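Quick note on labels: first sequence line is chain A, next is B, and so on, each numbered from 1. Note that this is a predicted model, so its numbers are computed, not measured.
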There are 2 protein chains.
Amino acid sequence: MKVLKGDCLKLLEQIQDESVEAIYLDPPFFTEKTHKLKNRDGSQEFSFDDLWGCHKKYAEFLYQRLVHLHRVLKSSGSIFIHCDATANYLIRSLLNEVFGPDQFRSEIIWYYKRWSNSKKGLLPAHQTIYFYSKTDSFTFNTRYTDYSESTNVDQILQRRSRDSQGKTVYARDEQGEVILNDSKKGVPLSDVWEIPYLNPKAKERVGYPTQKPILLLERIIEMATNPGDLILDPFCGSGTTLVAAKLLGRHGIGMDISDDAVNLTQQRLINPIKTDSNLLQKGRNSYLTADKEALALLQGLDSIPVHRNKGIDAILKQQFNHKPILVRVQKPGESLLESIRLLSAAAQTKSSQLSILVQTQQSESISEQMIPASIKIVHAPLVQIKQILHDTGKDNAVS
Amino acid sequence: MKVLKGDCLKLLEQIQDESVEAIYLDPPFFTEKTHKLKNRDGSQEFSFDDLWGCHKKYAEFLYQRLVHLHRVLKSSGSIFIHCDATANYLIRSLLNEVFGPDQFRSEIIWYYKRWSNSKKGLLPAHQTIYFYSKTDSFTFNTRYTDYSESTNVDQILQRRSRDSQGKTVYARDEQGEVILNDSKKGVPLSDVWEIPYLNPKAKERVGYPTQKPILLLERIIEMATNPGDLILDPFCGSGTTLVAAKLLGRHGIGMDISDDAVNLTQQRLINPIKTDSNLLQKGRNSYLTADKEALALLQGLDSIPVHRNKGIDAILKQQFNHKPILVRVQKPGESLLESIRLLSAAAQTKSSQLSILVQTQQSESISEQMIPASIKIVHAPLVQIKQILHDTGKDNAVS
DNA sequence: TACACCTCTGAATCTTCCA
DNA sequence: CTGGAAGATTCAGAGGTGT
C-alpha cells in the first residue's frame with residue numbers, strides 16, 4: 001500500500017506502463033456557472049463544440065489524466081469512474097474518447113435509501129459508476145446474487161412444463177404452488193446495485209464529505225481483480241479504495257493532492273474499520289415483521305406498513321383525535337385474546353385511541369367485555385366465509 | 001386524442017407555442033442495426049429507420065426536434081426523454097443545450113430484474129429517463145412510498161426538537177410524555193424506480209419493439225400533469241403514452257412516421273381499454289398481480305385457485321348440495337353489480353348453488369333484491385375498516 | 001439582494017433495557 | 001449473562017426565515 005501526495009498528473013508519470021489491474025476514481029467536480037443559451041430557433045447549424053461549452057476546462061483536466069490512466073492499465077485491466085449527476089455525461093464522452101466506445105462495459109447504478117427533504121421533484125437516490133475495460137479480454141469474476149432476495153427472480157426460477165395445448169407454463173404442485181428449479185447458482189449480478197448509503201451512525205464514517213461505503217469498493221475490487229493484483233486510486237480522498245483493497249488482499253496505490261486526505265488514508269490503513277451492514281448481510285426481508293400475508297389483507301388501505309414492532313402491522317395515514325390508528329392482523333396460531341393483548345399494549349405506548357384488529361382465525365366466542373373500547377375487530381374474508389358455510393350447513397345438512 | 005402521421009419535425013410546426021404540459025419521448029436509438037420484430041403470429045413486421053451514420057447526424061436530428069419541443073411546452077411544462085445506454089450522455093448534452101443545465105430535474109433510473117447469463121460482465125438491467133422542466137415553477141405532484149423496512153416508523157411519528165447543545169432530541173411535554181407528529185404521508189418517491197419489464201406474455205404486449213410498461217408512463221403522467229392537461233409524444237410508437245394519458249383523463253397528441261405505429265396506436269385507443277385498465281390497476285398495487293391479490297384475501301381457505309377471466313378466483317374444496325362453491329374477489333375498478341353479474345354467470349355454467357363474493361371496494365348501497373339468493377357477500381378488511389372510520393368520524397368529529 | 005442560520009427529514013446504526 | 005427488541009441518535013441537504 002502506497003499513498004502519494006500530489007497532483008496525480010505528475011505522480012502518474014512514475015507509474016510504469018501496463019502495471020495496474022484496476023483503477024477506481026471519484027474525480028472532483030468543478031462547479032462552474034451556467035452558460036448562456038444560444039439561439040433556440042434551430043436555424044443555425046448544430047455544432048458539437050457547443051455541447052462542451054464552459055466545461056472545456058474541466059474536460060481538459062480530466063482528459064489529460066485519463067490518458068495516463070489508460071497507459072498504466074494492464075491489457076486485462078478495467079477502470080471505474082464514479083460520477084456526479086451533473087457531470088456523468090461529460091465523463092462518459094471522455095471515456096469514449098480515451099478508451100473507445102467498444103470498451104464500454106457497464107453503467108453501474110449505485111442506489112440507496114436516504115433521508116428525504118422538502119425538495120420539489122424526485123429524491124436523488126443514486127450515483128453512477130462507469131465501467132470501461134482496456135481490451136475485450138478483461139479480468140472479470142462473475143458474482144451471483146442470492147435469488148431469494150427478489151420475488152421476480154423466483155418467478156424466473158420456476159420450473160416449467162407444458163400444458164395440454166403444448167404451451168409452456170409454470171409447473172405447479174397439487175396445492176397450486178409453483179415449483180422452483182433446483183439450480184441454486186443464483187442470479188448474475190446486474191448493473192444496478194443497492195448498497196446502503198454510509199449511515200450517519202456508522203463507525204466506518206471518518207467525516208470525509210464524499211466517503212464511499214467499503215462494501216461498494218469491495219464489490220468492484222472482487223469483480224475486476226484477483227488477490228495480489230494492483231489497484232490505483234488517483235483521487236483517493238479518505239482512502240476507502242485502499243482500505244477495501246487491503247481487506248481483500250490486493251495491493252494498492254493511492255494519490256491525493258490534499259495533506260489531510262493522505263494522512264487520513266494512512267491512518268485508516270493502519271486500523272481499518274468496516275461496519276458490516278446489517279441490512280446487506282441479513283437482507284431487507286429480515287426486518288419485516290409485518291408479513292406479506294398480513295399486508296396483503298390490508299391492500300388498498302391508505303396505510304404505512306410497520307416493521308420492527310411486534311404489536312402492529314400498519315398505521316393508517318389517517319389519524320383519530322390526532323393520535324395514530326393502529327392495525328394488527330391476527331397471526332396464525334395466535335388466539336384472539338393474545339392478539340388483543342398485543343395490540344392493546346402497542347396502543348398504550350403509542351397513545352392510540354382507535355385500533356383495528358383483523359381477525360383471521362375462527363375462535364371461541366369471547367365476551368364483549370374482554371375487548372377494550374378502543375379496539376375494533378374486523379373479519380378476514382376467510383372467517384366470514386367459514387361462518388357462512390357453518391350457517392348454511394346447519395340449514396342444509398350436506399357437506 | 002390525436003394521432004398524427006409524419007415526421008414530428010414537420011408536424012410540430014402545427015402545434016402552438018406553450019400549449020403542452022408534458023412531453024414524453026423515446027427517440028429512435030443510435031444503433032447500427034435495424035430493429036425488426038415480427039408480430040407474434042408473424043403477420044406484421046415493424047421496423048425503424050434509425051440508421052444514423054454518425055453521432056453528429058443523430059445529434060443534429062434530435063437537436064432540431066428538441067428546439068421545437070421546448071417551444072411548444074408551457075412554462076410549467078416538463079419533458080421526459082427515455083434513453084438507450086449508448087446514447088444517454090449525448091441526449092443529456094443536447095438537453096442541457098436546449099433547456100439549460102439549471103432545468104435538469106432528475107436522472108430517472110428505471111430498473112428491472114432479468115435473467116440471462118450469456119454475457120461476460122454485468123447484466124444490463126436499467127434504462128435512463130431524463131427529466132427536464134421548462135422553468136423552475138413546473139407542475140409536480142409528489143407521490144409517496146413506504147418507509148424502508150429498517151426504519152422505525154414508531155420513531156418517525158414522534159416530534160423532535162433541539163436541546164441546549166443543539167442536538168436533535170424527542171420533544172416532550174410538561175409531563176415528560178412524547179409528543180406525536182401529525183399524520184405522515186410516507187417517503188417522497190426517489191429517482192430510482194423498480195418497474196417489472198414488460199413480460200413477453202403480457203396481454204399488453206402488442207408486438208412493437210420498444211414498448212414500455214404502461215405503469216412507467218402512468219407514473220410520469222401523474223407526476224407531471226393534472227387531469228385535462230395535454231401530453232405530447234412525438235415518437236409515439238405503439239401508443240402506450242396516449243393509452244396511459246387517456247386512462248388518466250389527460251389529453252394527448254401522438255406522432256409517428258410509421259403507418260404501422262399510427263394504426264396500432266389508433267387501434268389501441270379505440271379498442272376497449274379494459275385490458276389496459278386492468279393492467280393499470282394491477283400496477284398500482286406494487287408488485288402483486290391481481291391474481292395474487294385475490295388469493296391473498298383468500299389465504300387459509302381450503303380452495304383450488306382458478307385461472308382468471310372465468311368470473312371466479314377459487315373453488316372451495318368443500319361442496320354445497322354436491323355442487324361446487326365458487327369464490328370471486330371484486331377487482332379494482334369493478335363495480336359490485338358487475339362482480340355479481342360475472343359471478344352469477346360462472347355459477348350458472350357450473351350449476352353452483354352457493355357462491356361467495358368478496359367485496360373489496362366501497363360501493364353505492366345496492367338493494368337486496370339485486371343479489372341472487374345463491375350469492376353471499378363478504379367484506380374485505382378494507383371495506384370494514386372504512387366503515388368504522390366513517391362511523392367513528394360521525395360520533396367524533398375529529399379526523 | 002445576499003447570506004447565515006434554523007427547521008425538517010428518514011435510514012440505519014448505536015445504545016439501552018428487559019426478560 | 002445473553003440475545004433480541006425497543007428506543008435514541010446522527011448526518012446531509014433542501015427550503016424557509018430573518019438580518
A:Tyr112 near the nucleic acid: base, sugar-phosphate alone, or nothing, with a heavy-atom cut-off under 4.0 Å? nothing
For A:Gly311, answer base if it contacts any base atom (sugar-phosphate contacts may also be present), sugar-phosphate if it contacts only those atoms, and nothing otherwise; contact means non-hydrogen atoms under 4.0 Å. nothing
Neighbour count above 12 (heavy atom, 6.0 Å) for A:Gln348 CD: no
Counting neighbours of CD on A:Gln267 that are heavy atoms of other residues, nucleotides or ligands and sit closer than 6.0 Å, is the number greater than 12? no
Specify the separation, in whole Å, of atom [atom1] of [X] and atom [atom2] of [N].
X        : N      : atom1 : atom2 : answer
A:Glu204 : C:dT13 : CD    : C1'   : 12 Å
A:Ile312 : D:dG7  : CD1   : P     : 10 Å
B:Gln158 : D:dA8  : CD    : P     : 6 Å
A:Leu342 : D:dA6  : CG    : C1'   : 15 Å
A:Lys203 : C:dT13 : NZ    : P     : 12 Å
B:Leu157 : C:dG10 : CG    : P     : 10 Å
A:Ile195 : C:dA11 : CD1   : P     : 18 Å
B:Phe140 : D:dA14 : CZ    : C1'   : 14 Å

Check ion pair A:Lys113-A:Glu194 (N to O, under 4.0 angstrom): no
Between A:Arg328 and A:Glu334, is the closest basic N to carboxylate O distance under 4.0 Å? yes
Enumerate the residue pairs fulfilling salt bridge (Lys or Arg N to Asp or Glu O under 4.0 Å) with a member in residues 315-326 of chain A, sequence neighbours excluded, ordered by first and then second residue. A:Asp302-A:Lys317
Taking the side chain as every heavy atom from C-beta outward, state whether B:Leu189 and B:Thr142 have any atom pair closer than 4.5 Å. no
Report each atom pair, protein N/O against N/O of nucleotides 2-8 of chain C, whose distance is under 3.5 angstrom.
| unit_1 | atom_1 | unit_2 | atom_2 | d |
| --- | --- | --- | --- | --- |
| C:dC8 | N4 | B:Arg162 | NH2 | 3.3 |

Name the closest nucleotide to the B:Gln155 side chain, picking from C:dC14, C:dA11, D:dA8. D:dA8
Would you mind telling me which of D:dG7, D:dC11, D:dG13 lies closest to the side-chain atoms of A:Arg205? D:dC11
Closest nucleotide of DNA chain D for A:Tyr208 versus for A:Lys201: which of these residues is on the 5' side? A:Lys201
So, is B:Ser148 near the phosphate of C:dA12, with a side-chain N or O under 4.0 Å from OP1 or OP2? yes
Is the A:Tyr197-A:Trp115 ring centre distance short of 6.0 angstrom? yes
